[in-house]
Amino acid sequence: MTSCNATFNQRLDRLVGAVTGELVACRRDFHTYAETGWTEFRTASLIARRLVELGLDVRVGREVIAADARMGLPAPPTLAGHWARARAQGGDPDFLDAVKGGYTGVVGVLGDGDPVVGLRVDIDALELHESHAADHRPVREGFVSVNDGAMHACGHDGHAAIGLGVASVLSDLRDFLPGTLKLIFQPAEEGVRGAKAMVAAGVVDDVDYMLGLHLYSGWPIGQFVAGKGGFFATDKFDAFLIGEPAHAGGNPQAGHNALLAAATAALNLHAIPRHRDGATRINVGKLIAGQGRNVIPPSAHMVIETRGATTDLNAYMYQAAIRVLEAAAAAYGCDLEIKPMGGADSADSDVKLAGRVARVAGGLPGFEARPAGRGGGSEDFTYMMRRVQERGGLATSIGLGADLNGAGHHTATFDFDERALPMAVHLVSAAILDLQCS
Ligand SMILES: [Zn+2]
Ligand SMILES: [Zn+2]
């Protein structure tokens, strides 16, 4: 085996240059056929196909997704309908059966030595209607989502393309890689639903260095943060209040009013005392209750999330929220059911690994370090970070600027600067080579 040397950088430059067109085409294809969490059937099948073509050892579906650890799974008719759509839209028939039913994770492995370097990219779109305004670039240039109500508005189409780009570049350099590269394509990051199921399937258990990358539209192109932290722990859950209907005029005393129970709970959830140890959040994002004007409302459905700067702070908020819900239900004689819909821990990047990635970026053209910002968001990559760290490995998240039009993430006009795609492939590939060659 040839050892690592300085000629890498030149070869890497050339290889990244050579895949740039493919990266953009790939990102635009995923953007056009946007698929939401756990329904990334076409996307995952095409990723698996490409990884096989590149000579990686590929694992798909139940091999990399623990069924019981999936959160916020869509209803069976939605899964079935979107799977049929994926088949009609050119999903790869060799892999569609493996991902059927919401098993839309893919892992590609290159090499078999030490150390094992993992890269996680997420691949899901959002439940959002994409803008059809004439000046929205995906409209202008013909890659606007054709799947109504599904839009890549967080850049995960780019992340999927970057993962494939890294696979392509490093498979060309495989003779120089003494260790193992593990590319993890994760479904259902939105709503923090997917990472836990991949961790539970053991996909990061052998990883020594874990990297995760996100593009950010709000940061100028080339600005990066290695060791982006401040991810809030979070719980996403639905509360169902079940009361008793009755004639609102003739027999009101016989009813158990789930609407009032939910309204009482909503106000008191937002009144949970803050915690001295740090930042917390709560949001009742949706409340649907009742049936008709003259019926005591027998049911209510609440869509809720809690967050905390640490896992403990989030647990404080979650436990308080459950207590409030139980008390409100009891006050109105209603039953309460809680359904978990997603969750993530807080996690911190390892300073040593983050510093190493930053040094690599500093040696590449076009990169500029950016001061770390405030937290408040959540990201289920934290599950992978924590598992790797618990087992003695190191993990870091990487943020890379890709601003194009100032439109924020999760908005109908989101887009990003595609020049960030080859930059990300360059940075991640160089970091993986650096970690494997010392
Ligand atoms: Zn997002
Ligand atoms: Zn995202």
Side-chain angles (χ1 to χ4, degrees), residues 19 21-65 70 79 82-83 85-110 118-125 143 145 147 150 152 154-172 181-190 193-195 197-198 201 203-204 211-215 381 384 421-422 424-425 428-429 432:
V19 298
E22 195 181 320
L23 287 169
V24 171
C26 180
R27 178 260 163 157
R28 292 186 174 202
D29 177 72
F30 290 147
H31 192 94
T32 305
Y33 300 100
E35 295 175 307
T36 51
W38 298 123
T39 72
E40 308 91 333
F41 303 115
R42 179 184 182 277
T43 309
S45 72
L46 295 180
I47 287 168
R49 162 61 54 210
R50 183 69 185 130
L51 294 176
V52 167
E53 284 169 4
L54 291 168
L56 277 75
D57 176 19
V58 179
R59 292 163 210 166
V60 189
R62 288 170 193 264
E63 283 184 283
V64 296
I65 298 280
R70 294 176 300 171
L79 289 170
H82 289 190
W83 187 82
R85 182 183 69 187
R87 198 171 46 178
Q89 291 180 339
D92 192 293
D94 287 349
F95 297 101
L96 279 175
D97 282 342
V99 297
K100 195 172 187 175
Y103 294 91
T104 42
V106 183
V107 174
V109 179
L110 187 67
L119 171 69
R120 176 271 212 167
V121 290
D122 44 15
I123 65 171
D124 57 320
F143 63 99
S145 175
N147 291 338
H152 272 291
C154 202
H156 302 185
D157 48 350
H159 301 169
I162 289 163
L164 291 177
V166 171
S168 174
V169 165
L170 292 184
S171 64
D172 269 331
L181 166 66
K182 202 162 193 185
L183 286 165
I184 298 168
F185 295 82
Q186 183 210 305
E189 190 284 325
E190 299 294 352
R193 297 173 289 156
M198 294 195 93
V203 303
V204 299
L211 308 175
L213 179 126
H214 207 298
L215 299 175
F381 177 53
M384 296 188 186
L421 298 172
V425 171
V428 171
S429 301
I432 290 166

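Along the sequence shown, residues carry numbers from 1.
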Heavy-atom nearest pair, A167 first then L183, reads CB-CD1, 3.4 Å
Just so I know, are the side chains of F30 and I47 near enough to count as touching, which here means a heavy-atom distance under 4.5 Å? yes
Side chain proximity check, D94 to V52, heavy atoms < 4.5 angstrom: no
Sidechain-backbone polar pair: E35 side chain, T43 backbone, donor-acceptor under 3.5 Å: yes
pair I123-H156: side-chain heavy atoms closer than 4.5 Å: no
For A424 and I162 the tightest heavy-atom approach is CB-CD1, 3.5 Å
How far does CG of D122 sit from CG of L213, to the nearest 0.5 angstrom? 9.5 Å
Straight-line distance of L215 CG to L421 CG, nearest 0.5 Å: 6.5 Å
side-chain contact (heavy atoms from CB on, under 4.5 Å) with V107: which of V64, V58, V204, I65? V64
Smallest heavy-atom separation, T36 atom then A150 atom, equals CG2-CB, 3.9 Å
Given 3.5 Å as the limit, does a donor-acceptor pair link the side chain of R42 with the main chain of Y33, or not? no
Looking only at heavy atoms, what is the nearest atom pair of G90 and L46, with distance? O-CD2, 3.6 Å
Return the orientation label for the H214 and H159 ring planes: parallel under 30°, perpendicular over 60°, tilted otherwise. perpendicular
Supply the atom-to-atom distance R50 CZ to C26 SG, rounded to the nearest 0.5 angstrom. 8.5 Å
Is a side-chain N or O of T32 found less than 3.5 angstrom from the main chain of R28, in a donor-acceptor match? yes
Distance-minimising heavy-atom pair for V203 and K182: O-NZ, 2.8 Å
Note, F381 side chain near V121 side chain (heavy atom, < 4.5 Å): no
Apply the test side chain to side chain contact (heavy atoms under 4.5 Å, CB included) to residues L54 and L110: give CA-CA distance (whole Å), side-chain angles for both, the deciding distance (0.1 Å), then the verdict. CA-CA 9 Å; L54 291 168; L110 187 67; over 6 Å; no
Side-chain donor-acceptor pair under 3.5 Å between Y103 and R70, yes or no? yes
P187 and W38 have their tightest heavy-atom pair at CG-CZ3, 3.6 Å
Once you round to the nearest 0.5 Å, how far does CD of Q186 lie from CZ of R120? 4.0 Å
Kindly say whether L96 contributes a backbone atom to a donor-acceptor pair with the side chain of S45 at under 3.5 angstrom? no
Do D124 side-chain atoms and E190 backbone N/O form a donor-acceptor pair below 3.5 Å? yes
Side-chain (E22) to main-chain (G165) donor-acceptor, under 3.5 angstrom: no
Could you tell me whether a side-chain N or O of N147 sits under 3.5 Å from a main-chain N or O of A34, the two making a donor and an acceptor? yes
Pairwise side-chain contact, T39 with T104, heavy-atom cut-off 4.5 Å (strictly under): no
